[in-house]
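We name chains A, B, ... by the order of the sequence lines, and we start the count at 1 in each one.
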Amino acid sequence: MDVIEVKNLCKSYGQLKAVDHISFSVKKGEFFGLLGPNGAGKSTTINMLTGLLEKDSGHISLLGKDPVTDWEYVKNRMNVATAYYPLTEVLTIRQNLRVYGRMYDIPKREQKIDEMLKQFELNDLQHHRVITLSSGERTRVALCKGLLNDPELLFLDECTVGLDPDIAEKTRRILKEYQRERHATFLFTSHYMHEVEELCGRIAFMNKGKILKIDTAHNLKKLITKMTVSLGIKEGKGALLKEFLVAEGVEVIFAENNALIFEVPSRGEKVYKIMNKIFKKGFKLSDLHIQRPTLDDLFIAVARGKK
Amino acid sequence: MKWHRVKALLLKCYYLTINSPDRLCDMFYWPLIDLFVWGFASFYIKDISDVNVLSALLGGIILWVFVWRSSQDIAVYVLEDFWGKNLYHLFSSPVRFSEHLLSIITFSFFRALASGTFMALIASLLYSFSLFSFSPLVVGLSIFLLSLFGWTTGLFVTALIFRFGQRIQVLAWSTVWIIQPFSCVFYPLSSLPVWGQWIARLLPTTYIFENMRAMMLGHPVDYSTYAISFIISMIFFGIGLVVVHWSFQSARKMGMLEKGD
């Protein structure tokens, strides 16, 4: 069953097309990523899905229902967590969670709040006002609220911003466990590519309001056709090596006496052939690093408008 | 509309009030200052002219607090969500706008009741003035009708906030004071210039205060004026609801719920 189904969704602000005829679907239990540079249309898409923003046209179905006509059914089974908008800052963490606990009519509220606070290591801070918390602590509070009603569908918009590596790793573990145990569906946006790669089964890559490609991280990385090779060169023969590589038709992007960086196609055996030729020519290396394509490369390429 | 969500929002208003000295202070501080100023002013007027305006002024100032608090609280509690960019969480939850409004209106009424009771108590202690020298029915009707009009002005200001954002937030505090001179709180309708009297007759508040002064002069209660006040209030309240609903939908279209401005 498709938990999220979006067809030809559009939203414009005046002349600006924030979201331009996008279509995608997310299956039950899937961790789906929305990636793209700032202004790509990720948050606008999430805001339309969560009912914060009215769409101009297109079709949205959540949990098999129309979120406008079946508002009650859908909203009680979903939730949102974001690092950008804190909960009410004048209220303490516990007061905020009590308010949202009542909103979602959660049974055994206090017990559930205790569980969430323990899970996100916020017990000691529960009586602190949100305004006094660090950005990482606020992010954890947002996640507590996001999971408070045991949602079947959770929208996570940059929800790990500001977390230290230890807490970020724990958070990812909690989210993965939750997804596995409840077979919950996640729509996830982040600027941390390793996180997207670790969590998301499929990723939709967005730019300028359009979805450019939907695929797994593995397949998306194949869109970057070049890998980067960095060499440390002994005996100061950098210039000679550069001459040799250029003659071989290799694209050298940096060269000095003791170091050289070049790019080769990431598919096929080109890199091994080039390296063999370098060794056969008698060049001695002090260091070798081969950088395979990452989602970061794809992200940067899209952000800089490369095809 | 679900009661558990209204209760959740009432709880939020309660926490906002007890956690914020500003919200606690404005329930008691300004009403107290008003009582002192108008009470002592009326003593002075009596000294120099032998005219006793104490009851009329105190009755006016205590009843006016229901318009003032009801109107200002609705707008300020909506603004709290704008300031804290809290509309994002609020309206991505199952909360409906009608539930949000109902909770704020209910909470503002209890705050107005607390302010009014506090003022009545202080007026009784300082000036031996009792609001219940009028019949409880008259007091109850007056409080209800004045609150209803306060909610209405609060709805119009809320509509403007959802349409234009925080840049017009000054209206949250100032709107009732634009209406006050034409509501004949402290003076009779005849004191206003003719054009002012026309405006005053369109306000439901005028009929309440005119009736209050008439009763002080020994006239019987004129319930027809309450009926006129109620009809005008309901017309304005109905228009207010339509306008605020339209404004909220417009905010959803423009993305104001997400941005908070």
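Within the model, atoms CG of A:Leu53 and OG of B:Ser92 stand 12.5 Å from one another, a figure rounded to the nearest 0.5 Å. Here the CG-OH distance, from B:Leu90 to A:Tyr100, works out to 5.5 Å after rounding to the nearest 0.5 Å.
For A:Met78, the part lying under 4.5 angstrom from a heavy atom of chain B is the side chain only. Only the side chain of A:Asn47 comes within contact range of chain B, with heavy atoms under 4.5 Å apart. Interface residue A:Lys145: only side-chain heavy atoms are found under 4.5 Å from chain B.
The choice from A:Tyr13, A:Tyr104, A:Phe155 that makes the most heavy-atom pairs within less than 4.5 Å of chain B is A:Tyr104. The choice from B:Gln249, B:Arg96, B:Lys7 that makes the most heavy-atom pairs within less than 4.5 Å of chain A is B:Arg96.
When atom types are taken as modelled, the side chain of B:His89 and the backbone of A:Tyr85 share a donor-acceptor pair closer than 3.5 angstrom. A:Arg98 places no side-chain N or O within donor-acceptor distance of the main-chain N or O of B:Ala8, the cut-off being under 3.5 Å. Judged purely by atom type and a 3.5 angstrom limit, B:Lys85 has no side-chain atom pairing as donor or acceptor with the backbone of A:Thr88. Between the side chain of A:Lys75 and the backbone N or O of B:Phe91, at least one donor-acceptor pair lies under 3.5 Å.
Between B:Asn19 and A:Gln95 there is a side-chain heavy-atom pair separated by less than 4.5 Å. Side-chain contact between B:Trp83 and A:Glu89: absent, with no pair of heavy atoms (C-beta onward) separated by less than 4.5 Å. Between A:Arg102 and B:His4, the closest side-chain pair of non-hydrogen atoms is not below 4.5 Å.
Counting all heavy atoms, side chain and backbone alike, A:Pro86 lies closest to B:Asn86 at O-ND2, 3.6 Å.
Residues B:Arg5 and A:Glu72 are paired through a salt bridge, judged by an N-O separation under 4.0 Å between the basic side chain and the carboxylate.
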